[in-house]
Amino acid sequence: MTITPDVAFRRYSRATATAQAEGRVPALSVALTRADRPLWTMQIGDAGGVPLDADTRFRIGSVTKTFTAVLVLQCRDAGLLGLDDPVSAHVPVPGRLDATIRQLLTHTSGMQREPFGDVWDTLVAPDDRQFLADLARAERVLAPARRYHYSNLAFALLGQVVAAARRCSWADALGERLLRPLGLEAITVEPTDRAATGYLVDEYSDHARPEPAVDFRALAPAAQLWGTAADLARWAAFLADPASIDPAGAVLASATLEEMRWPQTVTDNSLGALQLGLGLMILNRPDRVVQVGHYGAMPGFLAGAFGQHGGAGTPRAFGCAVLGSAGGAVTILELTHQLLDLAVAADPADVPPWRPGEPAPEQFRSVLGRWWSEGFPHDFRWREGRLEARMPSAPANQPASVFAQVPGEPDLLRTVSGRELGELLRLTRDASGAVVRMRWATYRYTRTQETFDGVPVSHP
């Protein structure tokens with residue numbers, strides 16, 4: 001049963017308080033954003049020397065990788081690189097380490113996890129010069145494209161690729177092309193005077209010991225950023241629903257974000273629940289709901305930031321971020337998904353009323369109705385100003401295939417979403433101009449069931 005937003009907010013507050021208490025998190029900051037409700041935020045605990053409020057900054061760790069990935073795709077869309085370019089085309093790397101940009105984005109390059117040396121022992125990260133020089137001593141631990149193997153080294157290289165393509169530093173490209181255009185002023189490369197202290201909480205007592213601060217320097221594109229929960233929730237919503245956050249596509253085209261969200265590999269082939277797109281983590285939920293974003297971990301901090309799209313009741317511009325100052329509290333990560341699920345269950349998006357629309361254009365009216373191919377029926381309809389097709393046996397929540405007319409070709413359409421994406425639909429007309437046959441992805445579509453050699457099934 002749908003409840004009022006105020007009651008929903010109380011439920012979010014209780015879930016957040018429970019996660020903070022059970023996870024023993026010194027400070028927790030949470031934000032849930034959606035287009036149809038006010039921003040909801042909550043902070044609980046002690047940030048260690050700074051006021052804990054909505055402006056307190058937490059380290060977001062590897063959520064940084066999503067920003068780097070979007071910068072790479074911006075470069076691709078601008079024609080500055082190709083995803084299947086070798087890294088060596090943009091950054092000097094030893095031949096034995098060479099991999100494609102796509103493999104770096106999907107953690108399938110086979111490169112070792114960290115740069116050469118004991119970064120997590122010394123807590124001293126290399127600068128750009130040393131990082132590139134040390135590549136000669138780094139290993140490829142797996143064959144490229146063999147399987148998923150997480151690599152901070154790979155994303156540090158992607159930062160170098162962005163810097164080379166844009167002819168500026170990764171940090172400057174980040175500020176100019178992402179943070180300022182999207183109004184994410186509270187996300188910074190360096191900590192501010194509002195930065196929370198990160199802790200490691202003793203497993204066997206209630207003592208919380210501060211963790212040391214770490215400057216990731218050349219590894220910044222993998223895990224350096226700080227931010228507020230509100231700005232990070234907005235970023236997560238952008239990853240899931242860019243058309244609502246950036247309707248003009250000024251930062252990145254919606255189609256490119258859709259490409260980034262398409263699974264490229266799995267983190268565990270025996271489970272398959274958590275998948276990797278182009279720099280994005282993808283979590284499949286029931287009823288065709290997809291949550292997309294990333295987790296983050298740095299000394300004393302854990303973070304989760306995911307946006308959601310698909311499924312009944314999912315609002316537009318829907319994202320959640322949970323930031324905590326405890327290095328080992330998995331409740332921080334779990335709360336991100338719990339709040340997204342709870343928001344839709346307790347307070348789903350309103351159902352927009354159906355309204356009559358314009359009739360199908362004359363040229364497509366004879367396409368509407370049932371067609372047959374390979375023995376299966378397909379229904380073609382005109383919906384919301386576009387031609388679409390779906391099988392009547394398909395689940396109601398499965399998206400239809402959508403077509404767009406090829407410019408200058410009245411009887412040629414391109415599949416722009418859904419099944420057979422990218423394939424052509426060709427219309428054949430009789431002397432009166434009515435469509436009597438179609439070919440979609442070269443398969444023949446007819447008004448009655450026919451065998452592959454064109455004989456109607458109903459004929460004796």
Side-chain angles (χ1 to χ4, degrees), residues 76 82-84 102 106 145 243 253-266 272 275 277-278 282 284 287-290 309-312 357-460:
R76 193 283 304 274
L83 294 187
D84 295 313
R102 185 187 304 275
T106 58
S254 292
T256 301
L257 261 301
E258 183 179 0
E259 179 184 358
M260 294 180 72
R261 296 193 301 263
W262 191 265
Q264 304 279 319
T265 188
V266 295
Q275 302 170 312
L278 295 174
I282 303 161
N284 293 318
D287 299 323
R288 294 186 177 270
V289 169
V290 176
H309 70 94
E358 295 298 318
E362 179 65 34
Q363 68 190 99
F364 296 131
R365 289 179 191 173
S366 58
V367 174
L368 306 185
R370 179 154 297 183
W371 294 78
W372 296 82
S373 181
E374 299 182 87
F376 292 99
H378 297 73
D379 291 336
F380 285 73
R381 295 182 172 90
W382 187 261
R383 291 281 190 268
E384 298 179 352
R386 60 193 192 179
L387 183 67
E388 63 177 41
R390 60 183 296 116
M391 297 178 69
S393 60
N397 60 1
Q398 179 175 315
S401 293
V402 177
F403 306 92
Q405 187 175 338
V406 175
E409 298 286 347
D411 291 336
L412 196 61
L413 298 97
R414 181 81 65 183
T415 315
V416 295
S417 68
R419 177 176 174 266
E420 305 293 5
L421 175 65
E423 295 283 358
L424 289 172
L425 175 68
R426 292 181 289 150
L427 311 182
T428 300
R429 301 179 185 271
D430 63 15
S432 71
V435 176
V436 293
R437 181 166 294 183
M438 302 191 296
R439 290 173 179 83
W440 184 16
T442 76
Y443 284 85
R444 186 172 62 243
Y445 282 71
T446 55
R447 281 297 191 182
T448 60
Q449 282 183 298
E450 293 182 2
T451 59
F452 270 83
D453 58 354
V455 178
V457 176
S458 58
H459 284 200

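Along the sequence shown, the residues carry numbers beginning at 1.
Relative ring orientation between Phe380 and Phe403 is described as parallel, the plane-to-plane angle staying below 30° on a 0-90° scale split at 30° and 60°. Below 30°, between 30° and 60°, or above 60°: for Trp382 and Phe364 the angle between ring planes is below 30°, a parallel geometry.
For the residue pair Asp379 and Pro392, the shortest heavy atom distance occurs at OD2-CB, 3.8 Å. Nearest heavy atom pair, residue Ser366 against residue Gly433, reads OG-O, 4.4 Å. Here the closest heavy-atom approach between residue Gln275 and residue Pro263 is recorded as OE1-CG, 3.3 Å. The two residues Leu387 and Leu368 make their nearest non-hydrogen contact at CD1-CD2, 3.9 Å. Across every non-hydrogen atom of Pro456 and Gly454, the tightest pair is CD-O, 3.6 Å. Here the closest heavy-atom approach between residue Ser401 and residue Trp440 is recorded as OG-CH2, 3.5 Å.
The local environment of CG in Asp287 is sparse, with at most 12 non-hydrogen atoms from other residues, nucleotides or ligands closer than 6.0 Å.
Put simply, the side chain of Arg386 does not reach to within 4.5 Å of the side chain of Val416, judged on heavy atoms. The shortest distance between side-chain heavy atoms of Met438 and Ser373 does not fall below 4.5 Å. Considering only heavy atoms from C-beta on, Thr428 stays 4.5 Å or farther from Val435 through its side chain.
A donor-acceptor pair is defined here as one N or O able to donate and one able to accept, closer than 3.5 Å; no such pair exists between the side chain of Arg381 and the backbone of Arg390. Using a distance-only test at 3.5 Å, with no hydrogens or angles considered, no donor-acceptor pair links the side chain of Arg437 to the main chain of Arg444. Counting only distance, with no hydrogens or angles, the side chain of Arg365 and the backbone of Ala360 share a donor-acceptor pair below 3.5 Å.
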Take Leu278 and Gln264 through the side-chain contact (heavy atoms from CB on, under 4.5 Å) test and state the conclusion after the steps.
CA-CA 7 Å; Leu278 295 174; Gln264 304 279 319; 4.1 Å; yes

Would you sort out whether Leu424 and Glu409 count as a side-chain contact (heavy atoms from CB on, under 4.5 Å), showing the intermediate values?
CA-CA 11 Å; Leu424 289 172; Glu409 298 286 347; over 6 Å; no

When you look at Ile282 and Val290, which way does the side-chain contact (heavy atoms from CB on, under 4.5 Å) test go after all the steps?
CA-CA 7 Å; Ile282 303 161; Val290 176; 3.6 Å; yes

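Here the OG1 atom belonging to Thr448 is positioned 13.0 Å from the CZ atom belonging to Arg370, to the nearest 0.5 angstrom. Atoms NE2 and CH2, on His378 and Trp372 in that order, are 10.0 Å from each other to the nearest 0.5 Å. Leu427 CG to Gln363 CD: the interatomic distance, rounded to the nearest 0.5 Å, is 8.5 Å. Atom NE2 in His309 sits 9.5 Å away from atom CG in Leu257 (nearest 0.5 Å). Note that CD of Glu374 and OH of Tyr445 are 6.5 Å apart. Values are rounded to the nearest 0.5 Å.
The stretch residues 411-436 participates, sequence neighbours left out, in these salt bridge (charged side-chain N to carboxylate O under 4.0 Å, His left out) pairs: Asp411-Arg429.
The side-chain contact (heavy atoms from CB on, under 4.5 Å) test applied to Thr442 returns no partner, not counting sequence neighbours.
The pair Glu258-Arg261 does not count as a salt bridge, with every side-chain nitrogen at least 4.0 angstrom from each carboxylate oxygen.
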